[in-house]
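Encoded as structure tokens, the structure appears first; notes follow it.
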Number of protein chains: 2
Amino acid sequence: MAKQKVSPVSVDGAGFLTHVAYDSVVFGFSEGQLKILLMEYHNTGLIALPGGFIRTDEDLDEAVRLGLEDRTGITNIYLEQFHTFGNKSRHKPEILQKILEANGIHAPKEHWMLQRFISVAYYALVDISTVSLQPDALSDSCTWYEINRLPKLILDHATVIEKALKTLRFNLDNKIKDSNLLPEKFTMKDLQKVYEAILGEELRRTSFQRKMLAGRILKRHDKLYSGEAHKAPFIYSFHK
Amino acid sequence: MAKQKVSPVSVDGAGFLTHVAYDSVVFGFSEGQLKILLMEYHNTGLIALPGGFIRTDEDLDEAVRLGLEDRTGITNIYLEQFHTFGNKSRHKPEILQKILEANGIHAPKEHWMLQRFISVAYYALVDISTVSLQPDALSDSCTWYEINRLPKLILDHATVIEKALKTLRFNLDNKIKDSNLLPEKFTMKDLQKVYEAILGEELRRTSFQRKMLAGRILKRHDKLYSGEAHKAPFIYSFHK
DNA sequence: GATTATTGTCTCTTTGTGAGACAATAATAA
DNA sequence: TTATTATTGTCTCACAAAGAGACAATAATC
């Protein structure tokens, strides 16, 4: 359950799969910090992960990809499903009700959006600098938050983020190549900064460099003359 | 979508979360072979993973655990969610219809069991020797199949199994301790056989032994005098 | 007491990584 | 032009983990 364009809806889930929703944890990186994209519902002060519902004629992956592209504006997002949350304690219809009310929608108790949801959670890795944020009708803001300065979130969204980060850390070596966390070209230091932000710890420069070069992930390009008073670093990109 | 006790049901999903199901890939080990538990629906010849639906008052994990305990008879199963399958191409109402018909249930087109499902998949690791199989009303058999001799399965269940095995292989070192694949006490060779069956490759005996002893997973007990003409192996159990 | 199959442990090698040394720059200051 | 400074690319040494094989120590049989 979360944020998506929803036209005034009928009591049954016409067009949507009832009892199923998705949430997405969008990781971005800028200023040496790992960040997460969060939405705020207007007139409520409630903050949540971007998410939505699945149309009856959409694949699950497709629904998540499209919903997210609507918001971030980028195509070719790296997206990965990591867990499905299905505790009955997640069901808090009063919160949904509050959001709907704030938007002038008076839904009866039986309304499908007020019923219990199983939520399939995905994480995404995007290059913040290439994204233009566009909040939708239900939300009044759409903001990057530093991973260690998150606001209070609705439902179990804090838990969802925690699990997303755990999964990302565990799989980082395999995922970094397909991630969109860095621009096309970057230095070894840039790459190391991303690793450090995600892992939440500092890494040895030399070991890191050796490890990265050992894998056949990186393609080396010209040097980058940044104008600073020291040796110029090589530029790299990921092999396709 | 799959096999579970289902009383003749109303058109809406009264008591169940519509559009949501679970499937479980139950791994077992015997005779040096990794096996999987499959169900056959009577009068149809259709073979499927054991699965079922989630009641509106059950946690997702709870529903899977209880459903599986019904079938295998063991408590304390090791269970882990690994993926949620949500392609729209999974929706094949004619198969469900066939199963219902074979059980004398004539469901109208709008029946909730004939609608599209998102299926949350779990895998379980059980010790075959401690399990007593009890097929339910809808199925006429409930059988262990060797992992590399699987029959034709309904829907995308072959894909589900493949992904389960991949996940299990990737996480084996972390999961083996909590698994129920072996009896309480076992030899190093027994343990190696399990690894080999799961990974699908042979392992070096000495390296394997060293690695297992290096981790603090195993407790060593007396020797096992099997009556065979060679040195007696130690017996081990997992530390709790 | 010799034979046979298997087990527990040891050594040698290779690979990966932590930790640090050091020469090679690219701009700036003298 | 030369020295200074910060940073980068690479090298060495130490150590841990894993592949590969050697070998002595059994438990039953011949």
Side-chain angles (χ1 to χ4, degrees), chain A residues 29 31-32 169-177 182-239, chain B residues 29 31-32 169-177 182-239:
Chain A
F29 180 81
E31 296 155 10
R169 283 176 175 160
F170 189 69
N171 294 317
L172 188 51
D173 286 334
N174 304 319
K175 306 304 175 193
I176 191 71
K177 176 174 178 296
L182 284 166
E184 173 79 19
K185 302 193 168 186
F186 49 85
T187 65
M188 190 62 78
K189 183 157 213 167
D190 293 335
L191 184 58
Q192 187 177 342
K193 288 284 180 200
V194 171
Y195 261 80
E196 291 178 335
I198 293 174
L199 296 178
E201 61 180 343
E202 301 204 334
L203 299 175
R204 220 126 287 267
R205 183 181 63 90
T206 54
S207 306
F208 180 77
Q209 179 137 343
R210 182 176 43 188
K211 182 179 162 186
M212 285 302 132
L213 294 176
R216 294 166 190 177
I217 321 168
L218 297 177
K219 199 195 298 189
R220 181 179 275 187
H221 301 267
D222 297 338
K223 292 201 166 194
L224 172 69
Y225 297 87
S226 60
E228 303 204 63
H230 53 74
K231 194 171 177 178
F234 286 113
I235 293 180
Y236 297 92
S237 66
F238 290 115
H239 261 121
Chain B
F29 180 81
E31 296 153 13
R169 281 177 177 160
F170 189 70
N171 294 317
L172 187 51
D173 285 334
N174 304 319
K175 307 302 175 193
I176 190 72
K177 177 174 177 295
L182 286 167
E184 173 79 19
K185 301 194 168 185
F186 49 86
T187 66
M188 189 62 77
K189 183 157 214 167
D190 293 335
L191 184 58
Q192 188 177 341
K193 289 282 180 202
V194 170
Y195 261 81
E196 291 178 335
I198 293 175
L199 296 177
E201 62 180 342
E202 302 204 333
L203 300 174
R204 221 129 282 271
R205 183 181 63 89
T206 54
S207 306
F208 179 78
Q209 179 138 342
R210 180 177 45 187
K211 182 179 162 187
M212 285 300 132
L213 293 176
R216 293 167 191 176
I217 319 168
L218 297 177
K219 200 194 299 188
R220 182 178 273 186
H221 302 267
D222 297 338
K223 293 201 166 193
L224 172 68
Y225 297 88
S226 61
E228 303 203 64
H230 53 75
K231 194 170 176 179
F234 285 113
I235 294 180
Y236 297 92
S237 66
F238 290 115
H239 262 121

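Heavy atoms only: backbone and side chains are in, while hydrogens, waters and symmetry mates are out. Reminder, nothing fancy here: chain letters follow the sequence lines and each chain counts from 1.
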* Asked: Would a line drawn from the ring center of A:Phe29 to the ring center of A:Tyr195 be shorter than 6.0 Å?
  ->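 No, ring centres 6.0 Å or more apart.
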* Phosphate OP1/OP2 of C:dT7: any B:Lys189 side-chain N/O under 4.0 Å -> yes
* Taking OP1 and OP2 of D:dA20, is either one under 4.0 Å from a side-chain nitrogen or oxygen of B:Arg204? -> yes
Can you measure [X] atom [atom1] to [N] atom [atom2] for me and round it to whole angstrom units?
X: A:Gln209; N: D:dG9; atom1: CD; atom2: P; answer: 5 Å
X: B:Lys211; N: C:dG8; atom1: NZ; atom2: P; answer: 18 Å
X: A:His221; N: D:dG9; atom1: NE2; atom2: C1'; answer: 17 Å
X: A:Asp222; N: D:dG9; atom1: CG; atom2: C1'; answer: 16 Å
X: A:Asp173; N: C:dG16; atom1: CG; atom2: C1'; answer: 13 Å
X: A:Leu203; N: C:dG16; atom1: CG; atom2: P; answer: 18 Å
X: A:Ile235; N: D:dG9; atom1: CD1; atom2: P; answer: 11 Å
X: B:Glu228; N: D:dT26; atom1: CD; atom2: P; answer: 19 Å

* Which part of the nucleic acid does A:Thr206 contact within heavy-atom distance under 4.0 Å: base, sugar-phosphate only, or nothing? -> base
* Could you tell me whether the side chain of B:Gln192 and the main chain of B:Leu203 form a donor-acceptor pair under 3.5 Å? => yes
* Let me know, please, whether B:Met188 or A:Lys223 comes out on the 5' side of the other along DNA chain C by nearest nucleotide. => B:Met188
* With nearest nucleotides of DNA chain C determined for A:Ser207 and A:Tyr225 from heavy-atom distances, which residue corresponds to the more 5′ nucleotide? -> A:Ser207
* Structure fact -> Closest to the 5' end of DNA chain D, once A:His230 and A:Leu213 are matched to their nearest nucleotides, is A:His230
Between the side-chain atoms of [X] and the base atoms of [N], is any donor-acceptor pair under 3.5 Å?
X: B:Lys231; N: C:dT6; answer: no
X: B:Arg205; N: C:dG8; answer: yes
X: B:Arg210; N: D:dG19; answer: yes

For atom [atom1] of [X], decide whether the heavy atoms of other residues, nucleotides or ligands shown that lie under 6.0 angstrom number more than 12.
X: A:Lys185; atom1: NZ; value: no
X: A:Asn174; atom1: CG; value: yes
X: B:Glu201; atom1: CD; value: yes

